[in-house]
**Q** 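There's a structure below that I have some questions on.
Excluded from the calculations below are hydrogen atoms, water molecules and symmetry mates; all remaining heavy atoms, backbone and side chain alike, are included. Everything quoted here is computed from the prediction, not taken from an experiment.
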Amino acid sequence: KVQDCCRNFCSSCIIPYTRGPICSAPLELADSQTAALKAAGVNVIMNLADSAEEAALMYSCFYELISIHLKSIRTELKNAQNIAEKIKHFIDNNYYQQISLNELFKKYGYTRNHIYNMFKARYHISPKEYLMDVRIKKAKHLLSDKTSTLTISEIANTVGFNDPLYFSRIFKKKTSHSPSEFKHSFR
């Protein structure tokens with residue numbers, strides 16, 4: 001009876017408060033949420049308990065289960081942050097390679113959507129957009145180097161774009177200038 005009470009309470013009251021979009025900070029319930037959880041828990045216990053002793057036991061178990069559940073959510077959030085950091089680190093160090101984000105997602109054992117949400121919650125940008133931003137930043141650096149003899153196609157290839165036309169389109173979208181306009185502004 002106690003287990004059923006706690007299970008019902010967790011699925012109907014705790015999970016809606018703790019399973020929103022993945023947070024970038026450790027989980028902390030607002031005072032109003034904590035008060036609502038306590039009130040809902042007391043109501044569930046009072047409706048199921050046959051005696052004061054049973055209510056006290058249920059109340060004790062209830063709070064133990066809540067703290068275990070919240071601790072597991074905090075651990076899950078910390079793992080999500082670590083995975084987002086690992087993906088960012090991988091992109092920062094391998095931007096010039098042909099990176100398959102789907103293979104990267106498989107490497108960490110989560111679905112594409114889950115990793116997308118973890119990364120976006122942590123960095124406020126999708127992994128794909130982050131990869132494009134890193135590549136464009138590196139390309140801008142190469143294009144602004146007055147001593148460089150690299151062509152735009154070579155720069156595109158150097159920063160991980162196989163197709164120079166696609167590179168030019170993304171570069172213009174991100175900077176409002178074509179790569180050649182950008183390059184000539186430094187000559």
**Q** How long is the straight-line distance from CG of N102 back to CD1 of I115, given to the nearest 0.5 Å?
**A**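 I115 atom CD1 to N102 atom CG measures 10.0 Å (nearest 0.5 Å).
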**Q** Might you point out which heavy atoms bring I91 and P127 nearest each other, and give the distance in Å?
**A** CD1-O, 3.8 Å
**Q** Of the non-hydrogen atoms in E129 and S126, which two are nearest, and what is the gap between them?
**A** N-OG, 3.1 Å
**Q** Any idea which heavy atoms bring D133 and K174 closest together, and the distance?
**A**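 Reported closest heavy-atom pair: OD1-NZ, 2.8 Å.
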**Q** Can you find a heavy atom in the side chain of K128 that is under 4.5 Å from one in the side chain of Y116?
**A** no
**Q** How many angstroms lie between OG1 in T175 and CD1 in I170, if you round to the nearest 0.5 Å?
**A**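 Separation between the atoms: 11.0 Å.
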**Q** Begin from the C-alpha positions of E85 and R122 and carry the test side-chain contact (heavy atoms from CB on, under 4.5 Å) through to its verdict.
**A** CA-CA 8 Å; E85 288 171 8; R122 181 81 169 126; 2.5 Å; yes
**Q** Check whether any side-chain heavy atom of I125 sits under 4.5 Å from a side-chain heavy atom of K120, and report yes or no.
**A** no
**Q** Does atom CD (Q98) have a neighbourhood of more than 12 heavy atoms from anything else shown, all under 6.0 Å?
**A** yes
**Q** Between N113 and T111, do the side chains contain an N or O donor and an N or O acceptor separated by less than 3.5 Å?
**A** no
**Q** Distance only, no hydrogens: is a donor on one side chain within 3.5 Å (strictly under) of an acceptor on the other, for K88 and Y130?
**A** yes
**Q** Check residues 134-142 and write down every donor-acceptor pair under 3.5 Å in which the side-chain atom is one partner and the other belongs to a residue at least two apart or another chain.
**A**
from: R135; atom 1: NE; to: Y95; atom 2: O; distance (Å): 2.7
from: R135; atom 1: NE; to: V159; atom 2: O; distance (Å): 3.2
from: R135; atom 1: NH1; to: G160; atom 2: O; distance (Å): 3.4
from: R135; atom 1: NH2; to: Y95; atom 2: O; distance (Å): 3.1
from: R135; atom 1: NH2; to: Q97; atom 2: O; distance (Å): 2.8

**Q** Measure the spacing between OG of S168 and CD of E181 and express it to the nearest 0.5 Å.
**A**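 The OG atom of S168 sits 10.5 Å away from the CD atom of E181.
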**Q** Could you state the interatomic distance from CD1 (I99) to CG (L104), rounded to the nearest 0.5 Å?
**A** 7.5 Å
**Q** Is there a donor-acceptor pair under 3.5 Å between the side chain of S185 and the backbone N or O of F182?
**A** yes
**Q** Keeping N157 on the side-chain end and S153 on the backbone end, is there a donor-acceptor pair under 3.5 Å?
**A**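 Not a single qualifying donor-acceptor pair exists.
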**Q** So, for A84 and Y123, which heavy atoms are closest and what is the spacing to 0.1 Å?
**A**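 Closest pair (atom of A84, atom of Y123, distance): O-CE1, 3.6 Å.
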**Q** Mind checking whether F161 and M132 have side chains closer than 4.5 Å, heavy atoms only?
**A**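 Sidechains of M132 and F161: in contact.
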**Q** If we only count heavy atoms from C-beta on, is the S180 to I152 side-chain gap below 4.5 Å?
**A** yes
**Q** Taking all heavy atoms of L150 and all of K183, pick out the closest pair and write down the distance.
**A** O-NZ, 2.7 Å
**Q** In sequence, state the C-alpha distance, the side-chain angles, and the governing distance for F167 and N162, and then conclude on side-chain contact (heavy atoms from CB on, under 4.5 Å).
**A** CA-CA 8 Å; F167 164 70; N162 285 336; over 6 Å; no
**Q** Please find the pair of heavy atoms, one from F171 and one from P179, that lie closest to each other, and give the distance.
**A** CD2-N, 3.6 Å
